[in-house]
Amino acid sequence: MHNVFEALNERGFIKQTTNAEQVAHLLSEGEVTYYVGFDPTASSLHVGSLVPIMAMAHLQRAGHKPIAILGGGTTMIGDPTDKTEMRPMLSQEQITANGKGILAQMQRYLNLDNGVNADNLQTTAKAGKFLNNADWLLSINYIEFLRDIGKHFRVNEMIRAEGYRQRLERELGLSFLEFNYQLLQAYDYLCLFQEYGCRLQLGGDDQWGNILAGVDLVRRVKGERVHAVTFPLLTTATGAKMGKTAGGAVWLDPQRTSPYEFYQYWINTDDRDVSRFLAYFTFLPMDEIRRLGSLKDEAIREAKEVLAYEVTQLAHGKTEADKARAASRAAFGGGNLDAVEMPTSAIIAQRLESGIPIMELFHEVGLANSRSEARRLVQQGGAYINEKQYRAIDMLVNADLLEADALMLRAGKKRYHRIVLKEN
RNA sequence: GGGGGUAUGCUUGAGCGGUCAAAAAGGGCAGACUGUAAAUCUGUUGGCUACGCCUACGGUGGUUCGAAUCCAUCUGCCCCCA
């Protein structure tokens, strides 16, 4: 077993550890059960969650056993860390439903007890677990909890933690409910240690304090040394949060973010982020990544294409990745636009007889959020039909513009939408 | 429980009772330049049946010819006292 710790480190996954040598040693000794917590506030993960997932996948491929924890119980509290306000609380039903979606997505990267969801996934890896911490948190008895767990926490220390301190010093208060978040998260670690012998927790660097609380708790209650590793919080070179675009988050759920859009997100990666992202989000060997990362100027587009293709393939499978790549090449490389996968909608053929106002058309297919926006788009020269710009706002789109019974709309430089005809 | 403060468009944040769809910045969008990158420059950024109309400045109800701006009340948040 080669040293996974080194591999993770080389790929940039490691920000802080309880003790680097000890963690490395632990991972080289034999099978280690490790866990990462996930937020169940949405029914899909977004690309930000890919960092922990990729890290988990690397560990599993190296023979270790993952546990993914759905924060169904802790979400009912709301993590105050680095939040400007309280999180909305979700119902258990909602959380369970969200968990289903999240599990399916994880199964593309990890082999969990509940199965796998990707053809290319190494099934030789030991199956891990997907658990909901609501299972043990919801049945907690308050008095017992205070006595057995609460006694190990010093309020003095807790309020010194950065996350809490900010909330205490600034206008926004901190409710007692939120104050307990750390105890519950620490309790998770204790439970997982007891039940599954879990000895390593990983998480975003903003979770460092909470994770350490768990490490301490295990030491105090069980007298055992367990470990923690955090991932750096990713931002893009321009300082934006990873995985956010104007349209919102980039989701793994193809219903929310189509494979094409997903692919485009990666293609549009800033030059400076390319090699970092290749290391995080693909399984390509580091030598290859270094080669791709050293490409300069225009040539770096090759690296972006590899990045986009690899990441899309992991998230959506080879077929979808091929389609997305073909569509992307066609749209931006002057290829044949007709045969490829694009956001498409159908309109009734008859409507073209009398002509459809161009503004209405762009609005209708979602290329503009309102008619006013569509109007602006046209006026400013951002509206194209079959690669021809139209600037007249009173222009009517009729059957004369059809090419092969279809219209390819384009808004701005990058957003395409294809229109086909239907009878009625 | 008492006293005070605050609530503005995607965000931050200005807004004398009329000239406010509301300063400014950020963000977004479009154009130019380019490599589907970055940086830069320009335009634009509530909606609509579009030189006009409608909806908006926490909720409701008032005062006024006229309110985001004044009053009352409700709600949320913050601060001080208890």
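All chains are named by letter (A, B, ...) in the order of the sequence lines, taking the proteins before the strands, and each is independently numbered beginning at 1. Scope of the values below: all heavy atoms of this structure, side chains included, with no hydrogens, waters or symmetry mates.
- Under the 6.0 Å cut-off for aromatic ring centres, A:Tyr416 and A:Tyr260 do not qualify, their centroids lying 6.0 Å or more apart.
- Rounded to whole Å, the C1' atom of B:G13 lies 13 Å from the corresponding atom of B:A7.
- Of the nucleotides present, none pairs with B:U49 by Watson-Crick or G-U wobble criteria with both distances under 3.5 Å.
- With a cut-off of 3.5 Å on both Watson-Crick or G-U wobble distances, the partner of B:A82 is given as none.
- Under 4.0 Å is where a charged nitrogen must lie from a carboxylate oxygen, and between A:Arg351 and A:Glu360 at least one such pair does.
- A donor and an acceptor atom, one from each side chain of A:Glu353 and A:Asn398, are nowhere located under 3.5 Å apart.
- Applying the Watson-Crick and G-U wobble criteria (two distances, each under 3.5 Å), B:U60 pairs with B:A72.
- Of the options A:Thr344, A:Val365, A:Leu407, a side chain to side chain contact (heavy atoms under 4.5 Å, CB included) to A:Arg418 is made by A:Thr344 and by none of the others.
- By the 4.0 Å N-to-carboxylate-O rule, A:Glu10 lies close enough to A:Arg290 to be salt-bridged with it.
- Both distances falling under 3.5 Å, in either a Watson-Crick or a G-U wobble arrangement, occur for no nucleotide opposite B:A22.
- Contacts between residues 286-300 of chain A and RNA chain B, counted as heavy-atom distances below 4.0 Å, involve A:Asp297, A:Glu298, A:Ile300.
- Residue A:Tyr384 places at least one side-chain N or O under 4.0 Å from the OP1 or OP2 atom of B:G31.
- At B:U36, one or more side-chain N or O atoms of A:Arg301 fall inside 4.0 Å of OP1 or OP2 (strictly under the cut-off).
- Nearer the 5' end of RNA chain B, as judged by each residue's closest nucleotide, is the contact made by A:Gly412, out of A:Asp270 and A:Gly412.
- Side-chain atoms of A:Ser28 come within 3.5 Å of backbone N or O of A:Ala24 as a donor-acceptor pair.
- A donor-acceptor pair shorter than 3.5 Å cannot be found between the side chains of A:Asp188 and A:Gln185.
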Per-nucleotide protein contact string for nucleotides 44-57 of chain B, where B marks a base within reach and S marks sugar-phosphate only (heavy atoms under 4.0 Å, - for neither): SS-SBSB-------
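- Base orientation of B:A37: anti (glycosidic angle beyond 90° from 0).
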Stepwise side-chain hydrogen bond (donor to acceptor under 3.5 Å, both in side chains) test for A:Tyr189 and A:Gln201: CA-CA 8 Å; A:Tyr189 204 165; A:Gln201 180 179 182; 5.5 Å; no
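- In this structure, B:G17 forms no base pair with any nucleotide, since neither Watson-Crick nor G-U wobble geometry is met with both distances under 3.5 Å.
- With both ends at atom P, the span from B:C74 to B:G9 equals 24 Å, rounded to whole Å.
- Pair assignment for B:G43 gives B:C29, based on Watson-Crick or G-U wobble hydrogen-bonding distances that are each under 3.5 Å.
- The gap from the P atom of B:A23 to that of B:G15 amounts to 13 Å, rounded to the nearest Å.
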